[in-house]
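Remarks on the structure that follows.
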Amino acid sequence: MTQAIVSRIGQALVVLLLAFTASFLLLQALPGDAILIKYQNPEMGLTPEQIAEIRVLYGADAPIWAQYGNTLWNFLQGSFGYSIQAGVPVNTLLATNLPPTLRLASLALVLAILLAFAIAFAATLAPFRWLRNALASLPALMISVPVFWLGIMLIQIFSFRLRLVPIINPNEFQALILPVLTLALPIAAPLAQILIRSLDEVEAQPFVAVARAKGATRKGVLWRHVLRNALLPVLTIAGLLFGELLAGAVVTETVFGINGLGRITEQAVSNQDTAVLQAIVILAAGGFILINLLVDLAAPLIDPRLKRTVGALA
């Protein structure tokens with residue numbers, strides 16, 4: 001088991017290195033130059049010689065292989081370089097803007113899981129067939145709605161029409177209600193779909209029929225026997241949806257004017273600030289890899305058969 005865990009961690013590090021390499025090469029291939037965008041402004045009055053000196057200070061004049069090595073070495077030491085546009089270390093930008101994004105993403109993930117379980121159980125236990133079918137089709141509607149449109153509609157309905165959530169000068173709690181809901185609904189939809197399908201498949205297993213034959217109620221069988229066996233696919237898809245959660249956070253923060261990773265990502269893309277973009281890509285990739293690693297390690301705790309399989313592979 002220990003060998004399997006070490007192997008998974010090694011694989012995660014290799015994937016992170018590949019993500020770093022791919023993002024570095026793609027960002028280097030982008031047209032334009034962030035240094036020229038900022039310093040070649042006629043209002044600054046800099047000469048070409050002065051701009052060339054600035055390029056030397058940022059290391060932009062070095063060969064690409066040297067830039068790759070220096071960037072990788074700095075990343076390994078925990079330094080993400082300097083933002084050309086902001087003129088401050090990227091670490092400072094991340095320290096300021098990462099906490100709001102983590103708070104938004106974590107609250108949205110918790111709400112998405114709660115919504116997914118509520119929809120799945122309602123679709124499974126509803127007394128009428130038409131109601132079960134309607135609830136089962138609800139995730140397909142939720143997943144088809146664009147995040148930016150959903151955010152605008154929630155503002156229109158709950159802030160302007162119903163006046164339940166203020167959009168101007170809200171307190172800390174009120175400022176999170178609509179962004180968290182906007183981010184949670186598209187994530188809850190695939191989780192609910194997978195959970196509904198998984199519950200149906202497990203309910204068709206012979207051990208469920210045996211439990212029902214012994215006099216257990218459907219609700220009791222669902223909670224005691226079916227749920228645990230149906231959780232593994234949901235856990236797997238939840239790890240995969242983490243990337244979508246980060247992408248949705250970028251759009252959501254832009255719609256609601258939240259100062260987080262979404263805001264600095266938007267600014268970095270506009271100004272081609274590659275140091276900031278590289279750091280955000282690696283941060284997102286690292287979070288995605290970490291979540292999926294935790295999912296892989298937690299899966300044997302839910303399904304003991306996987307523990308035996310992992311032990312045999314080790």
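This structure is a prediction, so every number in the text was calculated from the model and none was measured.
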Please work out which of the three classes, parallel, tilted or perpendicular, describes the rings of F121 and F117, given edges at 30° and 60°.
tilted

If you measure from CG on D273 to CG on L27, what distance do you get to the nearest 0.5 Å?
10.5 Å

When you group the ILVMFWY residues by side-chain heavy-atom contacts below 4.5 Å and let the links chain together, are I155 and L183 in the same group?
yes

Is it possible for you to say whether V110 and L290 belong to one hydrophobic cluster, with membership spreading through side-chain heavy-atom contacts below 4.5 Å?
no

Using a 4.5 Å cut-off on heavy atoms from C-beta on, say whether the side chain of L138 contacts that of I119.
yes

Main-chain N/O of Q156 paired with S159 side-chain donor or acceptor, under 3.5 Å:
no

Measure the shortest side-chain to side-chain distance between I167 and F158 over non-hydrogen atoms and say whether it is less than 4.5 angstrom.
no

With rounding to the nearest 0.5 Å, note down the distance linking CD1 in I177 to CG in L111.
11.0 Å

How close do T101 and G262 get, counting heavy atoms only, and between which atoms?
OG1-N, 4.4 Å

Minimum heavy-atom distance P100-I258, with the two atoms named
CB-CG2, 4.5 Å

Polar side-chain atom of N74 near backbone of S79 as donor-acceptor pair, under 3.5 Å
no

Quick one: pull up CZ in F75 and CG in L17 and give me the separation to the nearest 0.5 Å.
12.0 Å

Heavy-atom side-chain proximity of Q193 to I237 below 4.5 angstrom
no

Student check: side-chain heavy atoms of V255 and T182 closer than 4.5 Å
no

Under 4.5 Å between any side-chain heavy atoms of L261 and L283, yes or no?
yes

Taking only residues two or more places apart in sequence or in another chain, which ones pass side chain to side chain donor-acceptor pair (under 3.5 Å) with T21?
Y68

Short question: side chain of N259, backbone of N97 - any donor-acceptor pair under 3.5 Å?
no

Does I264 share a hydrophobic cluster with V88, counting links as ILVMFWY side-chain heavy atoms below 4.5 Å and allowing steps through other members?
yes

Shortest non-hydrogen contact from A188 toward L115
CB-CB, 3.9 Å

Spell out, yes or no, whether L16 and V281 are grouped together once hydrophobic residues are joined by side-chain heavy atoms under 4.5 Å, including indirect joins.
no

Rounded distance (nearest 0.5 Å) linking atom CD1 of I152 with atom CH2 of W149:
9.5 Å

Out of curiosity, does L191 fall in the hydrophobic cluster containing L294 (side-chain heavy atoms, cut-off under 4.5 Å, transitive links)?
no

So CD of Q174 and CG of L164: to nearest 0.5 Å the spacing works out to 10.5 Å

Test item: S198 side-chain N/O and I194 main-chain N/O as donor-acceptor pair under 3.5 Å
no

Y82 atom OH, neighbour heavy-atom count above 12 within 6.0 Å:
no

Out of the candidates L98, I280, V276, only one should pair with L93 under the side chain to side chain contact (heavy atoms under 4.5 Å, CB included) rule; please name it.
V276

A136 and I196: which non-hydrogen atoms are nearest, and at how many Å?
CA-CD1, 4.0 Å

Rounded at 0.5 Å granularity, tell me how far CG in L104 sits from CG in L109.
11.0 Å

Is the side chain of N171 donor-acceptor paired with the backbone N or O of F173 at a distance under 3.5 Å, no angle test?
yes

Is there a side-chain contact between F80 and Q278 (heavy atoms, below 4.5 Å)?
no

Restricting to non-hydrogen atoms, name the atom on S83 and the atom on A86 that form the minimum distance, rounded to 0.1 Å.
OG-N, 3.1 Å

So do V14 and Q11 actually touch side chain to side chain, heavy atoms under 4.5 Å?
no

Where do L94 and A279 come nearest, in terms of heavy atoms and distance?
CD1-CB, 4.2 Å

In terms of heavy-atom contacts, does CD of E172 have more than 12 from other residues, nucleotides or ligands at under 6.0 Å?
no

4.5 Å side-chain heavy-atom contact, V165 and P170:
no

Take R103 and L176 through the test side-chain contact (heavy atoms from CB on, under 4.5 Å) and record every step on the way to the result.
CA-CA 9 Å; R103 180 174 55 188; L176 285 173; 4.1 Å; yes

